Amino acid sequence: MSRKNNLANFLTRPAHEVAPDLLGCIIERRVGVRVLRGKIVETEAYDQTDAASHSYGGETPRTQVMFGPPGYLYIYFTYGMHYCCNIVVGEIGNGAAVLIRAIEPLKGIDFMKQRRGRAGVELTNGPAKLCQALAINKEQNGVDLSDGEVRLVINKSGAPAETVTTTRIGISRNVDMPWRFYIKDSPFVSR
DNA sequence: AGCGGGATTTTCT
DNA sequence: GAAAATCCCGCTT
């Protein structure tokens, strides 16, 4: 089976099921000849039934890719200066995505330090921080994660990490939904 | 360690 | 016109 179909199968499920399974998976970013890599350690699920989701209430120009096929990047701009990175999941026509809130840097750490002007956990322990570290912005909106400048690599091997399930951060509606997931004890989880 | 406010602009009502 | 899936800095304990 092709990589693309593999990825599509993995992602064609409800966001709150995919989100915990993305923990431990690898994000790979190509910037020219350079390769940056990180392990996903924190995610949040959003879907169309969810008042906290950008897709709530239907498709808009901004959320178009959320309603498209799974396996693509949905990037949004917020607070006048930050980008956040989501993986589109679920069936075509359903506005669902998983927000990547934190990663653990694995490769290209010097590049990330330069981009961030910081080091250690401060490189990538937040959704906008990791976008800055990985040089992700609006130009990556709609990128194909199976074969683009940002790739998602499913990690099936190794013992499953211990996962914590809790409520989401930074939202004002539907605040009690336990759709935030992170790897217990990872120092790279956001605050 | 914890709180409070400012930055800055897109997006939708 | 208001809010926003955030981050950073400075001030106070």
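Labels below follow one simple rule: chain letters A, B, ... track the order of the sequence lines, proteins then strands, and each chain is numbered from 1. All figures in this text were calculated on a predicted structure; none of them were measured in a lab.
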**Request:** Taking the six-membered ring of A:Phe111 (Phe, Tyr or Trp), confirm whether the NZ or CZ of A:Arg116 is under 6.0 Å from its centre and within 45° of its axis.
**Result:** no
Under 4.0 Å between any heavy atoms, over every strand shown, what does [X] touch: base, sugar-phosphate, or nothing? Just pick one.
X	value
A:Arg173	nothing
A:Ala52	base
A:Ile171	sugar-phosphate

Would you mind reading off the distance between [X] atom [atom1] and [N] atom [atom2], rounded to a whole angstrom?
X	N	atom1	atom2	value
A:Arg191	C:dA5	CZ	P	20 Å
A:Glu122	C:dC8	CD	P	6 Å
A:Tyr56	C:dA5	OH	C1'	16 Å
A:Tyr46	C:dA4	OH	P	12 Å
A:Asn86	C:dT6	CG	C1'	14 Å
A:Tyr74	C:dA5	OH	P	8 Å

**Prompt:** Taking the inter-plane angle between the rings of A:Tyr74 and A:His54 on a 0 to 90° scale, is it parallel (under 30°), tilted (30 to 60°) or perpendicular (over 60°)?
**Reply:** perpendicular
**Asked** Is any side-chain nitrogen or oxygen of A:Arg116 closer than 4.0 Å to OP1 or OP2 of C:dC8?
**Response**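 For C:dC8, OP1/OP2 do have a side-chain N/O of A:Arg116 under 4.0 Å.
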**Message:** Check this one for me: any side-chain N or O of A:Arg101 less than 4.0 Å away from OP1 or OP2 of C:dT6?
**Reply:** yes
**Item:** Main-chain N/O of A:Ala45 paired to A:Arg168 side chain as donor or acceptor, under 3.5 Å
**Value:** yes
**Prompt:** Does the A:Ser53 side chain pair with the main chain of A:Asp50, one donor and one acceptor, at a distance under 3.5 Å?
**Reply:**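 No; zero donor-acceptor contacts below 3.5 Å.
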**Prompt:** Where the side chain of A:Tyr76 is concerned, which of C:dA5, C:dA4, C:dC8 is the nearest nucleotide?
**Reply:** C:dA5
**Prompt:** Considering only C:dC9, C:dA5, C:dA4, which nucleotide approaches the side chain of A:Ser172 most closely?
**Reply:** C:dA4
**Item:** B/S/- contact track for nucleotides 5-13 of chain B, protein heavy atom under 4.0 Å
**Value:** --BBBSSS-
**Prompt:** Applying a 3.5 Å limit to both distances, which nucleotide forms a Watson-Crick or G-U wobble pair with B:dT8?
**Reply:**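 With both distances under 3.5 Å required, B:dT8 matches none.
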**Fill in**
For C:dA5, the nucleotide meeting Watson-Crick or G-U wobble distances (both under 3.5 Å) is none
**Message:** Between A:Ser190 and A:Glu42, do the side chains contain a donor N or O and an acceptor N or O under 3.5 Å apart?
**Reply:**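 Checked: A:Glu42/A:Ser190 side chains pair up, N/O donor to acceptor below 3.5 Å.
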**Message:** Could you tell me if the side chain of A:Val189 sits less than 4.5 Å from the side chain of A:Arg180, heavy atoms only?
**Reply:** yes
**Prompt:** Taking C-beta and beyond as the side chain, do A:Val31 and A:Leu36 meet within less than 4.5 Å on heavy atoms?
**Reply:** yes
